[in-house]
Amino acid sequence: MPKLTIDGREVEVEAGTSILQAAEVLGIEIPRFCYHERLAVAGNCRMCMVEVANSPKPVASCAMPVSEGMVVRTDTPVVAKARRGALEFLLINHPLDCPICDQGGECDLQDETMAYGCDRGRYGEGKRAVKEKDFGPLVKTTMTRCIHCTRCVRFIKEIAGVPELGATGRGENMEVGTYVEKVLSSELSGNIIDLCPVGALTSKPYAFTARSWELKKTESIDVLDAVGAAIRIDSRGNQVMRVLPRVNDDVNEEWLSDKSRFACDALTRQRLDRPYVRRDGKLVEASWADAFAAIARRLQGVPGTRIAGIAGDLADAESMVVLKDLFGRLGSPHLDGRQDGARLSGPRCSYVFNSGIAGIEDADALLLIGTNPRKEAPVLNARIRKRWRRGGFPIAAVGPEADLTYRYDHLGDDPALLTAIAEGRHPFAEVLKTARKPMLVIGQGALARSDGAILLGLARRIAEATGMVTADWNGFNVLHLAAARVAALDLGLVPGADGRDVAGILEGAAGGAIEVVYLLGADEIDMSRLGNAFVIYQGHHGDAGAHRADVILPGAAYTEKSATYVNTEGRVQHTQMAVFPPGEAREDWKILRALAEALGHRPAYDTLAEVRKRLAEVSPVFGRVQAQLPPVWVPFGEEGAPDAARLSSPVDNFYMTDPISRASRTMAACTAAFAGDAQERTGTHG
């Protein structure tokens with residue numbers, strides 16, 4: 001490893017490290033605009049100039065690799081003059097937009113101008129103007145401010161895998177935009193807003209609504225998919241103004257999907273902010289006492305075998321464990337947390353992403369089964385693309401054919417292909433066997449079918465037959481869609497002895513065998529099949545469940561409560577309350593605890609800490625926050641031949657998959673912009 005000296009301090013770094021990266025190891029900050037540690041080096045802006053001994057002129061530290069004995073100075077008069085010159089050049093055409101620019105207060109150009117800028121310009125010519133581009137409903141462009149750092153171009157091509165941005169023209173006529181006028185079709189397009197070091201790309205929904213210094217910042221977790229990305233919630237008063245990603249290299253690196261970033265406008269729309277009780281066929285406002293009394297009256301004399309409950313996709317672990325305890329006291333075995341009917345209920349190794357999201361980078365072969373990760377988990381899909389770009393990573397898919405942003409072999413959508421791979425009769429079986437760390441990802445498109453348990457068993461057989469499970473590697477992975485799903489399975493929210501699953505509950509309600517159904521944020525089921533059952537809906541948005549309910553109990557959204565979620569890889573994470581629930585809405589576990597007391601079943605916990613202690617009692621994994629625990633490998637799944645029905649992805653519209661995104665105006669605009677499903681075209685990506 002080469003050893004060099006920077007500003008009189010010696011440091012030893014790996015070969016191939018740039019001077020800029022070596023300086024960061026020492027805590028020396030070098031200004032930059034075009035450089036980003038997760039993107040290819042461009043060397044455009046020239047702000048990172050440093051002086052290297054025996055070099056005739058300053059060099060760009062982002063593009064210069066270190067060498068043995070190199071002596072670097074970052075604070076000489078020559079360096080300062082070079083940086084001032086580069087900044088002056090960048091500001092030639094930059095407009096004086098700071099008072100009206102949404103990037104104000106978070107602008108790299110502002111910060112560096114304070115350090116290296118001049119109080120006057122030497123150029124008398126008029127500034128150039130650039131026509132604005134239409135990137136769609138999410139990204140607002142003011143391209144006159146663009147300094148041609150090309151971060152957005154590199155991100156869209158390298159990370160997102162949708163090469164729709166580029167630079168046309170040369171010199172003063174150079175412009176960054178789409179080659180053909182169109183909206184950006186990437187599900188990760190909002191990340192170019194964070195990457196832009198000036199105000200050329202800003203958030204269109206957030207435009208002119210708040211200044212960064214007005215906002216309270218709360219670190220939390222995203223729950224609009226099962227990845228569990230680290231986010232920061234920025235709020236003003238009691239309103240969430242925007243959601244931004246946080247760095248978490250194990251989960252989302254520093255990226256965030258567009259749905260998770262922009263659907264926050266729905267947190268003030270179509271909200272349930274007070275209890276409702278249906279009287280004479282109409283829902284009318286009621287007090288909490290009246291709502292609980294109506295439930296108690298209806299449950300009076302109803303045996304537990306005629307009561308059922310379904311937990312939805314956004315339910316937190318605290319509310320689910322309280323619901324489980326309540327149903328245990330009521331004597332009901334009909335409780336299910338698998339709203340989509342996924343055939344998952346076995347050991348933990350059968351329903352988590354065992355290799356971990358970061359483990360994708362260690363794999364050397366991949367089989368996708370019944371999933372379209374680009375729509376189901378865009379951030380995870382970007383990780384697959386990142387590994388694919390390094391090479392030596394054959395990918396095959398059994399399921400829907402789609403543009404996944406990387407090359408793969410589409411083997412077909414016939415489930416019988418899995419039997420052939422498991423028995424070693426398919427050529428890709430040999431590819432998996434010869435790989436050092438092969439992996440597979442099975443999605444809900446396979447598991448939510450009637451033969452899901454058989455397909456799960458086939459996936460296990462493939463994993464065992466191809467050497468995916470060893471002492472130091474487990475390549476068997478389940479990709480979930482719902483943030484609540486893994487926690488529900490960890491807590492055992494599956495039917496008990498003689499209990500009904502979701503399909504059985506709906507059948508029982510339609511036939512009269514189930515009299516009362518409790519929906520804990522469950523909106524993705526067929527409400528028309530609930531028949532004449534008495535429906536209690538607890539949730540935060542007026543979605544399908546609320547329209548069908550006989551009693552509505554207003555809960556809190558994920559930004560309004562401190563709650564526990566478990567992501568698809570089995571990582572226990574906590575959200576933090578950023579704002580208070582609206583009106584009379586309350587945190588979900590508190591509602592269920594109060595209801596249990598009103599029904600004469602007072603729980604043994606009164607505080608959040610006590611509920612979390614109860615979580616750890618039910619499943620020890622809840623006592624290990626942020627840890628990814630390797631589960632023990634034991635047999636699971638069922639034997640048999642799968643149905644002939646073709647494998648598909650359950651996500652048709654990425655932008656509307658839950659009550660929050662369905663209430664979002666921004667997501668509605670995205671749905672309209674991408675009508676015709678322009679994302680689903682096949683192509684070649686580099």
Side-chain angles (χ1 to χ4, degrees), residues 223 225-228 251 310-317 320-321 324 335-357 359-360 367-371 373 376-377 380 399 418 439-464 468-469 474-496 499 501-502 524 564-573 615 618-622 624 627-638 647 649-650:
V223 303
D225 60 25
V227 171
V251 181
I310 302 173
D313 293 349
L314 302 181
D316 57 84
M320 287 191 287
V321 76
K324 178 182 172 71
L335 183 60
D336 201 349
R338 304 162 302 177
Q339 190 176 205
D340 59 2
R343 302 303 196 268
L344 291 168
S345 61
R348 200 168 199 254
C349 63
S350 70
Y351 60 79
V352 297
F353 206 95
N354 289 285
S355 68
I357 296 172
I360 293 171
L367 175 64
L368 300 172
I369 303 173
T371 181
E376 297 171 18
L380 185 145
L418 301 179
M439 67 183 292
L440 67 79
V441 176
I442 183 169
Q444 303 308 301
L447 298 172
R449 295 159 43 115
S450 59
D451 61 344
I454 294 174
L455 295 178
L456 182 66
L458 281 172
R460 174 187 58 80
R461 287 171 55 195
I462 292 172
E464 293 172 345
M468 287 186 188
V469 183
N474 189 334
F476 180 88
N477 300 301
V478 175
L479 178 57
H480 290 280
L481 303 178
R485 187 59 46 77
V486 176
L489 294 168
D490 284 340
L491 293 170
L493 249 70
V494 294
D501 60 9
V502 169
E524 315 304 325
T564 302
Y565 290 87
V566 186
N567 76 345
T568 193
E569 59 181 353
R571 188 184 301 272
V572 177
Q573 303 185 106
L615 281 173
V618 176
S619 178
V621 299
F622 289 97
R624 300 283 300 276
Q628 191 198 352
L629 305 176
V632 178
W633 185 261
V634 294
F636 54 83
E638 296 179 3
L647 288 167
S649 171

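Predicted model, so just to flag it, every value in this text is computed and none were measured.
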Only counting residues at least two apart or in another chain, list the ones meeting salt bridge (charged side-chain N to carboxylate O under 4.0 Å, His left out) with D316. K561

Would you please name every residue forming a side-chain contact (heavy atoms from CB on, under 4.5 Å) with S345, sequence neighbours left out? R338, V494

Heavy-atom pair of closest approach, residues A484 and A315: CB-O, 3.1 Å

Side chains of C349 and V632, heavy atoms from C-beta outward: is any pair under 4.5 Å? no

So, for V572 and V621, which heavy atoms are closest and what is the spacing to 0.1 Å? CG2-O, 3.3 Å

Atom of A311, atom of M320 and distance for their closest heavy-atom approach: CB-SD, 4.0 Å

In chain order, what residues pass the side-chain hydrogen bond (donor to acceptor under 3.5 Å, both in side chains) check against Y351, with sequence neighbours excluded? D490

Do L344 and H480 come within less than 4.5 Å of each other through their side chains, counting heavy atoms only? yes

Pairwise side-chain contact, F353 with V441, heavy-atom cut-off 4.5 Å (strictly under): yes

Between R343 and L456, does the side-chain contact (heavy atoms from CB on, under 4.5 Å) criterion hold? Intermediate values first, please. CA-CA 8 Å; R343 302 303 196 268; L456 182 66; over 6 Å; no

Under the rule for side-chain contact (heavy atoms from CB on, under 4.5 Å), what residues qualify as partners of A317, not counting sequence neighbours? A487, L491, T564, L615, F622

So, the side chain of S350 versus the backbone of P347: is there a donor-acceptor pair under 3.5 Å, distance only? yes

When you compare the side chain of E376 with that of D225, does any pair of heavy atoms fall below 4.5 Å? no

Determine whether a donor-acceptor pair (N or O, by modelled atom type, separation under 3.5 Å) exists between the side chain of N567 and the backbone of A226. no

Within-4.5 Å side-chain heavy-atom neighbours: I442 and L447: yes

Per side chain to side chain contact (heavy atoms under 4.5 Å, CB included), R348 is matched among V486, N354, L489 by V486

All ring pair (Phe, Tyr, Trp, His ring centres under 6.0 Å) counterparts of F636, not counting sequence neighbours: F476, W633

Test salt bridge (charged side-chain N to carboxylate O under 4.0 Å, His left out) applied to D501 - qualifying residues, sequence neighbours left out: none

Under the side-chain contact (heavy atoms from CB on, under 4.5 Å) test, residues paired with Q628 that sit two or more places apart: E569, R571

Is it the case that the side chain of T568 and the backbone of V478 share a donor-acceptor pair, with hydrogens and angles ignored and the cut-off at 3.5 Å? yes

So, does Q573 use its side chain to make a donor-acceptor pair with the main chain of V566 at under 3.5 Å? no

Holding to salt bridge (charged side-chain N to carboxylate O under 4.0 Å, His left out), I want the full list of residues that pass it with E638, two or more places apart in sequence or in another chain. none

State which residues pass side-chain contact (heavy atoms from CB on, under 4.5 Å) with R449; sequence neighbours excluded, sorted by chain then number. P415, D451, L455, D643, A645, L647

Set of residues satisfying salt bridge (charged side-chain N to carboxylate O under 4.0 Å, His left out) with respect to R460, sequence neighbours excluded: E464, E639

Partner set under side-chain hydrogen bond (donor to acceptor under 3.5 Å, both in side chains) for S355, not counting sequence neighbours: N477

Answer whether the closest heavy-atom distance between the side chains of D340 and P650 falls below 4.5 Å. no

Sub-4.5 Å side-chain heavy-atom contact between L418 and I369: yes

Under a 4.5 Å cut-off applied to non-hydrogen side-chain atoms, are D336 and L493 in contact? no

May I ask you to check whether T371 and Q444 show a side-chain donor-acceptor distance below 3.5 Å? no

Q339: partners by side-chain hydrogen bond (donor to acceptor under 3.5 Å, both in side chains), with sequence neighbours left out: D313

